[in-house]
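Below is one structure, written out as structure tokens; the observations come after it.
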Amino acid sequence: MGVGWLRRRTGGLEGRGACAVALPSAAAMAGQEDPVQREIHQDWANREYIEVITSSIKKIADFLNSFDMSCRSRLATLNEKLTALERRIEYIEARVTKGETLT
């Protein structure tokens, strides 16, 4: 059942999560819900649950993307520092093998 059917059946939706239905019958007032009304309530409950799950998945994905960028940046910085240290070590080793003093 699409939203269009729901709007036609209930006379329009007032707000998100609203469940506008016709006035309840005597049986509904006695505690028994109309099967259509029960189905509508269950549909909205399912939609809200799906929205919560979707929102949570989006938050997790945003966090993971942010974490990935942070890690890549930090690793790039460490790589630059290691490269500079390796060059310095190679330079010092070359001077030592030639017998030059380090002063």
Side-chain angles (χ1 to χ4, degrees):
M1 289 179 225
V3 175
W5 178 87
L6 185 60
R7 284 191 181 120
R8 284 193 301 274
R9 173 80 173 138
T10 62
L13 297 174
E14 297 302 318
R16 193 165 172 267
C19 186
V21 293
L23 291 174
S25 65
M29 293 181 100
Q32 298 175 347
E33 284 187 334
D34 180 24
V36 174
Q37 185 179 12
R38 194 171 339 138
E39 190 175 319
I40 291 170
H41 283 287
Q42 185 62 43
D43 182 57
W44 277 109
N46 289 341
R47 290 172 188 251
E48 289 172 355
Y49 177 73
I50 290 169
E51 184 177 340
V52 167
I53 297 298
T54 302
S55 175
S56 297
I57 290 171
K58 286 180 182 177
K59 287 179 183 176
I60 291 169
D62 289 342
F63 165 75
L64 290 175
N65 285 329
S66 173
F67 182 74
D68 175 60
M69 294 301 292
S70 174
C71 288
R72 286 178 189 264
S73 173
R74 291 178 183 198
L75 286 172
T77 302
L78 284 174
N79 189 42
E80 290 173 5
K81 289 179 180 180
L82 283 173
T83 302
L85 286 172
E86 287 170 347
R87 285 189 200 141
R88 185 171 172 108
I89 288 172
E90 288 173 2
Y91 172 75
I92 292 172
E93 285 177 344
R95 287 186 65 182
V96 168
T97 56
K98 283 187 173 181
E100 297 177 7
T101 60
L102 296 176
T103 57

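If you're wondering where the values come from, they're calculated on a predicted model, not measured in any experiment.
- Listed by chain and number, the residues in a side chain to side chain donor-acceptor pair (under 3.5 Å) with N46 are Q42 (sequence neighbours excluded).
- Taking a 4.5 Å side-chain heavy-atom cut-off between Ile, Leu, Val, Met, Phe, Trp and Tyr, the cluster of I53 extends to Y49, I57.
- Sequence neighbours left out, the pairs with a member in residues 67-78 that pass side chain to side chain donor-acceptor pair (under 3.5 Å) are D68-R72.
- Following chains of ILVMFWY side-chain contacts shorter than 4.5 Å, one cannot reach I92 starting from L85, and the two form parts of different hydrophobic clusters.
- Its side chain within the 4.5 Å cluster rule, F67 clusters with I60, F63, L64 among the Ile, Leu, Val, Met, Phe, Trp and Tyr residues.
- Side-chain contacts under 4.5 Å among hydrophobic residues (ILVMFWY), followed directly or transitively, place I50 with no other residue at all.
- Taking a cutoff of 4.0 Å between a charged side-chain nitrogen and a carboxylate oxygen, D43 and R47 qualify as a salt bridge.
- Within the 3.5 Å criterion, the main-chain N or O of D62 finds no donor-acceptor partner in the side chain of S66.
- Looking at residues two or more places apart in sequence or on another chain, you find no side chain to side chain donor-acceptor pair (under 3.5 Å) involving E93.
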